[in-house]
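Below: the structure, in structure tokens.
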Amino acid sequence: MSIFEYNGSAVVAMVGKNCFAIASDRRLGVQLQTIATDFKRISKIHDRVFIGLSGLATDVQTLYQRLVFRHKLYQLREERDMKPETFASLVSAILYEKRFGPYLCQPVIAGLGDDDKPFICTMDSIGAKELAKDFVVSGTASESLYGACEAMYKPDMEAEELFETISQALLSSVDRDCLSGWGGHVYVVTPTEVKERILKGRMD
């Protein structure tokens, strides 16, 4: 078993019309043993930028704390929030500088730019970025997430339809992966509001 699969995870971000959604499962496990069913993999950097971290849970928490620290330094120096593209470059640089002993995480970054245009990307554990215009996935359930998202995604969805689509894609995917599950955590972000919802899993 790969160390990336040790705790299990499923993270997906999807683009809508002037909005985006990011979702993850809630299971924290040690291989096939479930430890907790309320683990948060998605974190808010500010109201328009969110990051989801799949991989080893200890590295997820460490990397998140470093990213919050670096963003606060940026806010103090620049007196503004980071754009999603800038934040993605920061995450990539932090991962790459540790490339010989990397953080065992695969980030998914989602945000809204200045013109309310959604931005999503994912990267590997050493910071190689992969940009997309529709959806990105990471974690142990990524294969089934790709299939579900390919089947369900359509362009220019409004916020409510986007929430329904990403929720169904996530729940149907984690049902096919024994290392992730126990419902989900979904954020839908529009230019005016952030909606957070908890999805009940089949086991809840």
Side-chain angles (χ1 to χ4, degrees), residues 1-2 4-5 7-29 32 34 37 39-43 49-55 60 84 88 105-113 116-125 128-191 193-204:
M1 176 180 276
S2 159
F4 289 96
E5 298 172 0
N7 296 123
S9 53
V11 183
V12 56
M14 200 175 274
V15 164
K17 186 178 182 182
N18 294 334
C19 61
F20 70 85
I22 183 167
S24 78
D25 70 319
R26 297 192 298 154
R27 179 184 183 270
L28 172 66
L32 300 179
T34 300
T37 59
F39 188 69
K40 281 192 77 170
R41 296 183 197 287
I42 300 171
S43 306
V49 173
F50 285 72
I51 184 167
L53 293 164
S54 69
V60 163
C105 297
Q106 294 169 327
V108 168
I109 296 159
L112 287 176
D116 296 336
K117 187 178 179 186
F119 168 91
I120 55 169
C121 85
T122 185
M123 53 191 80
D124 64 9
S125 59
K129 277 192 278 189
E130 181 187 333
L131 304 173
K133 290 186 169 64
D134 45 11
F135 57 84
V136 290
V137 305
S138 93
T140 54
S142 56
E143 284 185 20
S144 50
L145 275 168
Y146 269 123
C149 291
E150 285 282 1
M152 296 179 185
Y153 177 82
K154 55 187 182 183
D156 293 332
M157 287 184 282
E158 297 292 343
E160 277 305 312
E161 188 181 4
L162 182 63
F163 166 73
E164 200 61 43
T165 303
I166 199 169
S167 301
Q168 293 300 329
L170 179 74
L171 291 175
S172 64
S173 300
V174 297
D175 282 347
R176 290 164 176 78
D177 175 47
C178 61
L179 297 173
S180 58
W182 283 95
H185 220 117
V186 183
Y187 290 88
V188 179
V189 181
T190 66
E193 65 177 341
V194 176
K195 283 186 183 172
E196 178 186 1
R197 300 184 194 179
I198 303 287
L199 305 177
K200 292 288 186 186
R202 207 164 273 180
M203 309 280 286
D204 289 49

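Just the heavy atoms: all of them, side chains too, but no hydrogens, waters or symmetry mates, feed the values below.
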Determine the minimum heavy-atom distance between [X] and [Y], stating which atoms define it.
X: Val15; Y: Pro118; result: CG1-CG, 3.4 Å
X: Ile120; Y: Ala132; result: CG1-O, 3.4 Å
X: Val11; Y: Arg41; result: CG2-CD, 4.2 Å
X: Asp25; Y: Val174; result: CB-CG1, 4.2 Å
X: Pro107; Y: Ile51; result: CB-CD1, 4.0 Å
X: Ala141; Y: Ser180; result: CB-OG, 3.6 Å

Any side-chain heavy atom of [X] within less than 4.5 Å of one from [Y]?
X: Val108; Y: Ser54; value: no
X: Val194; Y: Phe50; value: yes
X: Leu131; Y: Phe119; value: yes

How long is the straight-line distance from [atom2] of [Y] back to [atom1] of [X], given to the nearest 0.5 Å?
X: Leu112; Y: Phe20; atom1: CG; atom2: CZ; value: 5.0 Å
X: Cys149; Y: Ile166; atom1: SG; atom2: CD1; value: 7.0 Å
X: Phe4; Y: Thr140; atom1: CZ; atom2: OG1; value: 12.5 Å
X: Leu32; Y: Glu5; atom1: CG; atom2: CD; value: 10.5 Å
X: Met157; Y: Cys19; atom1: CE; atom2: SG; value: 8.0 Å
X: Leu199; Y: Ser167; atom1: CG; atom2: OG; value: 4.5 Å

Between Val136 and the options Leu145, Val12, Ile22, Thr122, the side-chain contact (heavy atoms from CB on, under 4.5 Å) test singles out Thr122

Donor-acceptor contact present, side-chain [X] to main-chain [Y], <3.5 Å:
X: Ser144; Y: Arg176; answer: no
X: Asp116; Y: Asn18; answer: no
X: Arg26; Y: His185; answer: no

Hits for side-chain hydrogen bond (donor to acceptor under 3.5 Å, both in side chains) against Lys129, two or more places apart or cross-chain, chain-then-number order -> Ser89

Considering residues at least two apart in sequence or located in another chain, which fulfil the side-chain hydrogen bond (donor to acceptor under 3.5 Å, both in side chains) criterion with Lys17? none

Surrounding CD of Glu196 (heavy atoms of other residues, nucleotides or ligands, distance under 6.0 Å), is the total greater than 12? yes

Mind running salt bridge (Lys or Arg N to Asp or Glu O under 4.0 Å) on Arg197 and Glu160 for me, showing each step along the way? CA-CA 12 Å; Arg197 300 184 194 179; Glu160 277 305 312; 2.9 Å; yes

Is there a salt bridge (Lys or Arg N to Asp or Glu O under 4.0 Å) between Glu161 and Lys154? Walk through the geometry before answering. CA-CA 10 Å; Glu161 188 181 4; Lys154 55 187 182 183; 2.8 Å; yes

So Phe135 and Tyr146, side-chain contact (heavy atoms from CB on, under 4.5 Å) or not? Walk me through it. CA-CA 9 Å; Phe135 57 84; Tyr146 269 123; 3.9 Å; yes

